[in-house]
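Notes for the one structure printed next.
One-based numbering, in listed order, for ligands and for the atoms of each. Note that the coordinates shown come from a computational prediction; the quantities given were computed from them, not determined experimentally.
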Amino acid sequence: MGVTVADIMAWDKERPITMLTAYDAPTAALVDDAGIDIILVGDSVGNTMLGYDSTLPVTLDDIESHTSAVTRATEDALVVADMPFLSYGLDRGQSIEHCGRMLKHADASAIKLESGPHTVGLTESLVNLGIPVMAHLGLTPQHVNQLGGYSRQGTESKAAERILELARAHEEAGAFSLVLEHVPSNLAERITDTLDIPTIGIGAGPACDGQVLVITDVIGLTEWSPPFSQQFGDARGEISSAIEDYRDAVVQGQFPGPDHSYEESDLFDD
Ligand code: KIV
């Protein structure tokens with residue numbers, strides 16, 4: 001058995017938890033082989049893979065399909081499905097059914113909810129039913145229209161206190177971990193010290209129990225990445241160069257070569 005929700009809840013803090021997004025089978029296999037603890041099938045699939053300029057258009061079917069691809073290719077990492085905009089929060093029964101689909105049909109081990117006061121009760125219901133919940137506070141990109149952008153959150157004491165309270169409420173409701181996005185590092189440190197469940201930061205400083213980034217930023221596939229991220233590779237350059245080499249080889253008659261095709265004898269009479 002690979003990494004479980006119970007392993008994450010009981011994390012001994014000897015080393016930080018590693019988490020990365022993945023959206024397809026080949027990438028998930030590479031992330032899994034590298035020994036990353038948690039794979040998040042983020043609704044960031046909207047911006048990174050589907051060509052949208054926000055996560056709002058991502059559908060439940062999109063997340064189910066991408067999660068299924070990821071779980072088929074993952075042996076060890078814990079796979080978490082990120083619930084998309086308006087797939088939860090309207091009607092409790094429908095929200096539970098949608099979250100349950102990710103475990104029942106896509107083989108995820110847990111779901112993530114962009115959290116707020118509206119997700120405390122839902123988290124409790126889901127956990128009672130056996131659907132593990134990763135909470136997510138700070139910058140919650142599904143609120144982009146309300147927030148007016150993707151700016152840092154919890155920068156004033158009242159707002160920071162509100163995030164801390166919500167973190168406590170979600171732990172009490174049974175969440176097994178908490179993503180903290182784009183908040184001051186001293187707020188993330190305070191929350192990490194306060195909670196028993198692990199915090200996993202993105203743009204939240206080094207004090208969190210774990211770190212998460214978006215895979216396309218990490219491998220350098222995108223031209224732009226957020227200031228709190230880091231490109232550890234140049235996938236964009238590598239892919240462009242392979243495509244250009246292929247184009248040139250075809251145009252110059254170098255591909256396919258003798259190794260890439262064969263002639264069948266006795267195919268024609270003449
Ligand atoms: O969708 C996503 O990729 C996320 C991470 C940034 C935590 O929610």
*Carboxylate-amine/guanidinium contact R15 D209, below 4.0 Å*: no
The closest protein heavy-atom partner of atom 2 (C) of ligand 1 is S44 OG, 3.3 Å
Q.
Classify the ring geometry of Y88 against H118: parallel below 30°, tilted from 30° to 60°, perpendicular beyond 60°.
A. parallel
Any chance CZ of R101 has more than 12 other-residue heavy atoms, nucleotides or ligands included, within less than 6.0 Å? yes
N or O pair under 3.5 Å between T21 and ligand 1: no
shortest atom 6 (C) of ligand 1-to-protein heavy-atom contact is with I202 CD1, 3.6 Å
Ligand 1 to D82, heavy atom cutoff 4.0 Å, flagged ligand atoms 1 (O), 2 (C), 8 (O)
Interatomic distance, OG1@T27 vs CE@M49, rounded to 0.5 Å, equals 6.5 Å
The closest protein heavy-atom partner of atom 8 (O) of ligand 1 is K112 NZ, 3.1 Å
Here the atoms of ligand 1 under 4.0 Å from any heavy atom belonging to G42 are 1 (O), 2 (C), 3 (O)
With no hydrogens and no angle check, is any side-chain donor or acceptor of T21 less than 3.5 Å from a backbone partner on G42? no
Of all protein heavy atoms, the one nearest atom 5 (C) of ligand 1 is L40 CD2, 3.7 Å
Backbone of L122 reached by a side-chain donor or acceptor of T119 within 3.5 Å: no
Side chain to side chain contact (heavy atoms under 4.5 Å, CB included) filter on A173, not counting sequence neighbours, yields V120, T123, E124
With a 4.0 Å cut-off on heavy atoms, is H136 in contact with ligand 1?
yes
D43-ligand 1 polar pair, N/O distance under 3.5 Å: yes
